[in-house]
Amino acid sequence: MVARTATLSTDAADAKMDRMEPSPPHPPEADAPGSPLETGSSAGKEQGALFDPPEPTAEEIAAGAAMAWEIAAAEDRVVADVVLNKPLMDAYTYLVPENLRDEIAPGRRVRVPFGRGPRGGRSETGFVVAVRPVEEYANERGSKPERLKTIDRVLDEAPLVDAKMLELSRWIAEYYLCGWGQVLSSVVPAGVKRNAGTRELVFYRPTETGRAALDAGSLTKKQRAAMAAIIDAGEPVRADYVASKADCGVGVVTSLKHKGFAEQVRKRTDVTEFDDVAIEPWEELVATDEQQAALDTILAALRGQEYATFLLHGVTGSGKTEVYIRAIKEVVEYGRQAIVLVPEIALTPQTIRRFRQRFERVAVLHSHLSDAERSKHWRDIAAGRVEVVVGARSAIFAPCQHLGLVIIDEEHESTFKQDSVPRYHAREVAEKRCREAGVPLILGSATPTLESWHAAQEGRYRLLSLLRRVGKLPLPPVVTVDVRNDPQVRKGRAIGRQLSNAVKAAIEDGGQVILFLNLRGFSPAVWCRACGASLMCPDCDVSLTWHRDKGRAVCHSCAHEQTVPRACPGCGAHELKYVGVGTQKLEEEVKQVFPDATIARMDSDSMRKPGSHDEVLTRFRHSEIDILLGTQMIAKGLDFPNVTLVGVVDADTQLHQPDPRAGERTFQLIAQVAGRTGRSSRGGRVYVQSSNPAEPAIRRAAGHDYLGFVADELRDRWDMSYPPYRRLCRVILRGPDEAAVKRRANEMANALSAAAKSRNLPVQILGPAPCAVARLQKNWRFHFQLSAENPADVRSLWRTVEPEFPTGGDVDFVVDMDPLNMR
DNA sequence: AGCACGCCGACT
DNA sequence: GTCGGCGTGCTC
């Protein structure tokens with residue numbers, strides 16, 4: 001058995017197994033693996049085409065099944081509850097055959113027959129969530145023990161998840177309204193399931209006759225040396241090890257085996273090898289008073305082993321990471337582990353290096369790892385060989401056995417919500433996990449979500465503030481530029497006069513510049529001057545973006561690409577024009593205006609090949625690049641002291657999204673981008689171009705006034721009955737027939753509405769209405785929302801009504817609890 | 001999610 | 001007369 005067994009098997013699972021011991025003596029004729037009975041039956045199967053016995057009748061099958069469970073009961077056998085990777089709310093119960101009794105355990109996966117049809121349905125993979133006596137199932141109300149099917153096979157040598165993770169995943173399934181098995185399947189990385197990075201290898205150990213033969217001196221010279229090497233090793237060893245140790249060929253080991261002097265052992269072994277990167281040493285810093293105060297509060301909770309969520313509100317450059325690291329140091333001293341979640345996009349080599357410099361054993365979990373790497377890190381974590389786990393959203397499921405602390409950095413980032421099933425938010429899952437483990441959770445952000453801020457106001461979270469930057473550096477002044485009357489912008493330029501002058505001055509002064517624009521491509525629309533229509537994607541309700549490098553118009557919502565027709569497909573006029581500015585056009589404009597500057601563009605189009613991201617940032621760090629322009633990618637986490645100017649080319653793109661959180665996102669974005677400058681004594685400035693400079697989100701961001709912004713925004717949220725004052729659950733319907741989708745949306749909304757009324761549940765139904773993107777990848781989309789103060793009411797309403805909704809057909813639906821994406 | 005079951009239209 | 005459409009409802 002591999003080491004993982006010991007560390008991953010859980011108290012509850014052990015207790016369960018204990019309860020089932022001692023097992024009754026096995027009758028000798030019970031079919032153990034490899035027994036003649038089994039080989040006989042499989043041989044029979046292979047020849048079955050010629051001598052098939054007559055098919056048993058339904059009665060015979062039923063009688064056999066009834067007998068199976070009666071025998072099972074008489075023999076004090078067990079059943080296993082199994083959950084499958086399907087949107088099913090219930091676990092399904094299976095008989096555990098005698099020969100699998102010792103292997104079966106909660107947290108392991110099994111193959112089971114599922115569904116009706118010939119041969120009792122298809123074979124599916126599921127997770128065992130419980131093992132219990134068959135009588136317990138038989139005594140359940142409505143149980144049909146005679147209809148139980150039997151487990152085919154146990155897949156894992158050791159549980160993949162422990163009892164705590166089983167419970168956490170069950171909670172997620174319940175809260176996010178999806179199947180337990182769906183959660184478990186996505187919690188365990190694919191590489192871990194396939195044991196990627198490990199091999200079943202053959203090892204040799206001495207037998208008693210082998211030892212005797214060595215003592216008796218009845219071996220040849222080479223055999224004697226090999227035998228001695230095997231015995232001296234003190235543990236099973238590989239043949240090539242023996243060969244090099246005894247200076248012989250591996251054939252000698254084989255002959256020892258044939259003679260019965262050594263025997264083979266098969267062991268699953270780690271075969272991954274990673275280079276250790278050299279890490280430069282770290283100079284300890286002196287904590288600021290603010291950092292120390294925040295830290296003291298966190299340490300008190302750590303020492304008291306109590307759950308608490310801390311909202312660490314720290315302006316950019318205030319040294320939140322230093323607080324995290326010192327808190328983790330304390331946790332590591334107790335021999336416990338910490339999980340640090342960062343947005344995927346911030347999971348750069350620089351971020352990882354920062355933790356590797358300060359901790360001995362850091363595991364990293366993110367989407368760019370190979371299966372073998374991820375599986376290796378997962379096994380290291382489970383075995384307790386890791387102090388700190390740094391990872392993206394799903395790292396919240398890291399199998400730490402002695403969790404001491406969880407940190408979520410940039411808590412406001414929407415990437416912490418998964419946008420496929422299970423649609424969980426890592427913050428909510430972390431809260432649950434920490435509460436159960438009795439450990440603190442730290443949420444860090446310069447611009448906390450309104451949900452978190454509100455929780456802090458209510459006292460559910462404890463607020464810690466870092467309002468000053470380290471080194472007494474001021475926050476950079478932010479200039480809002482009204483571009484409505486700018487002569488250059490009116491000519492179709494992206495960069496107005498003021499920003500352009502500022503860029504010029506910054507470069508002449510030897511500084512570097514970051515220009516941010518959240519639209520990739522060359523022009524975001526192809527527009528007909530004659531009829532005013534834009535070129536649309538044939539499959540989506542989205543206008544096509546012109547990518548000049550490809551010479552094609554591209555849909556950013558699906559894979560569609562096309563050439564641009566000569567004539568407008570709507571009116572036939574030859575008046576098509578590329579309008580608006582994306583990063584590609586911005587790059588061209590900047591090159592034209594600043595011909596002597598070195599320019600680099602960073603967006604998902606220019607960063608296709610792996611490593612290019614890091615390469616550009618390294619060049620930028622070494623001042624080989626004067627102007628870095630790009631999308632979201634350059635807004636996060638970059639910390640370059642020589643950046644003296646940041647320009648937000650168009651603050652309005654974010655603001656005009658059809659989303660109730662557009663204001664919040666705009667504020668966050670400006671604050672975040674502004675944080676990229678003024679990080680040294682050289683100072684820095686920020687220019688924000690907008691056509692709505694009076695918009696509160698923009699005005700407050702320019703004033704670095706988070707408190708003012710949340711006060712405004714919370715008032716609006718209250719007026720709109722929107723989170724954080726209510727919980728929402730969004731139901732999205734889609735299908736190829738617009739009328740059918742609309743009809744189904746109405747039916748579902750009405751059914752829920754009626755049920756809420758009759759059950760007296762305080763849940764409102766908002767909608768239905770077409771989605772903001774009314775058509776996506778050929779499907780029409782409608783949505784409606786359930787809104788309640790208490791999410792339990794939403795859940796209970798949905799759970800009672802949902803089973804009545806038809807599935808299949810050409811309209812399907814998804815449920816999104818606490819939605820962030822409103823498209 | 002599949003997928004087998006059942007009840008209504010165009011073909012030999 | 002049947003084959004096959006896809007709406008409906010289970011799956012231990």
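Computed from a predicted structure; not experimentally measured. Chain letters run A, B, ... following the sequence lines, proteins first, then strands; residues in each count from 1.
Neither OP1 nor OP2 of C:dC12 sits under 4.0 Å from any side-chain N or O of A:K144. Contact check, A:R116 against C:dG9: no side-chain N or O comes under 4.0 Å of OP1 or OP2. Not one side-chain nitrogen or oxygen of A:Y92 sits closer than 4.0 Å to the OP1 or OP2 atom of C:dT11.
Between the C1' atom of C:dT8 and the CZ atom of A:R744 lies a distance of 11 Å, rounded to the nearest Å. When the P atom of B:dG2 is taken as reference, atom CD of A:Q182 falls 10 Å away, rounded to whole Å. Distance A:L84 CG to C:dC10 P: 18 Å, rounded to the nearest Å. Atom-to-atom, NZ of A:K86 to C1' of C:dT11 comes out at 9 Å; the value is rounded to the nearest Å. The CH2 atom of A:W180 sits 20 Å away from the P atom of C:dT11 (whole-angstrom rounding). Atom CZ in A:R111 sits roughly 16 Å away from atom C1' in C:dC12 (whole-Å rounding). As rounded to whole Å, 16 Å separates atom P of C:dC6 from atom CG of A:D812. Rounded to whole Å, the distance from CG on A:L148 to C1' on C:dT11 is 13 Å.
Side-chain atoms of A:K149 lie closest to C:dT11 of the nucleotides C:dT11, B:dA1, C:dT8. Between C:dT8, C:dC12, C:dG9, one nucleotide has an atom nearer to the side chain of A:Y137 than all others, and that is C:dC12. Each of C:dC12, B:dG2, C:dT11 was ranked by its minimum atom distance to the side chain of A:T93; first place goes to C:dC12. For A:R122, whose side chain is taken as the heavy atoms from C-beta onward, the closest listed nucleotide among C:dT11, B:dC3, B:dG2 is B:dC3.
Ion pair A:E98/A:R77 flagged as a salt bridge, since at least one NZ, NE, NH1 or NH2 atom sits closer than 4.0 Å to an Asp/Glu carboxylate oxygen.
One finds the CZ atom of A:R823 at 10.5 Å from the SG atom of A:C771 (value rounded to the nearest 0.5 Å). A distance of 11.0 Å separates SG of A:C178 from CG of A:D816, quoted to the nearest 0.5 Å.
Side-chain atoms of A:R759 and A:T800, non-hydrogen and from C-beta on, do get closer than 4.5 Å to each other.
Ring centers of A:Y424 and A:F397: under 6.0 Å apart, within the cut-off.
If you find the closest nucleotide of DNA chain C to A:D810 and to A:F114, the one lying nearer the 5' end belongs to A:D810.
Note on A:Y94: only backbone sugar-phosphate atoms sit closer than 4.0 angstrom, heavy atoms only; bases stay farther off. When heavy atoms are screened at a 4.0 angstrom cut-off, A:S143 is found touching no nucleic acid atom at all. If you check every strand for non-hydrogen atoms under 4.0 Å, A:L88 touches a base.
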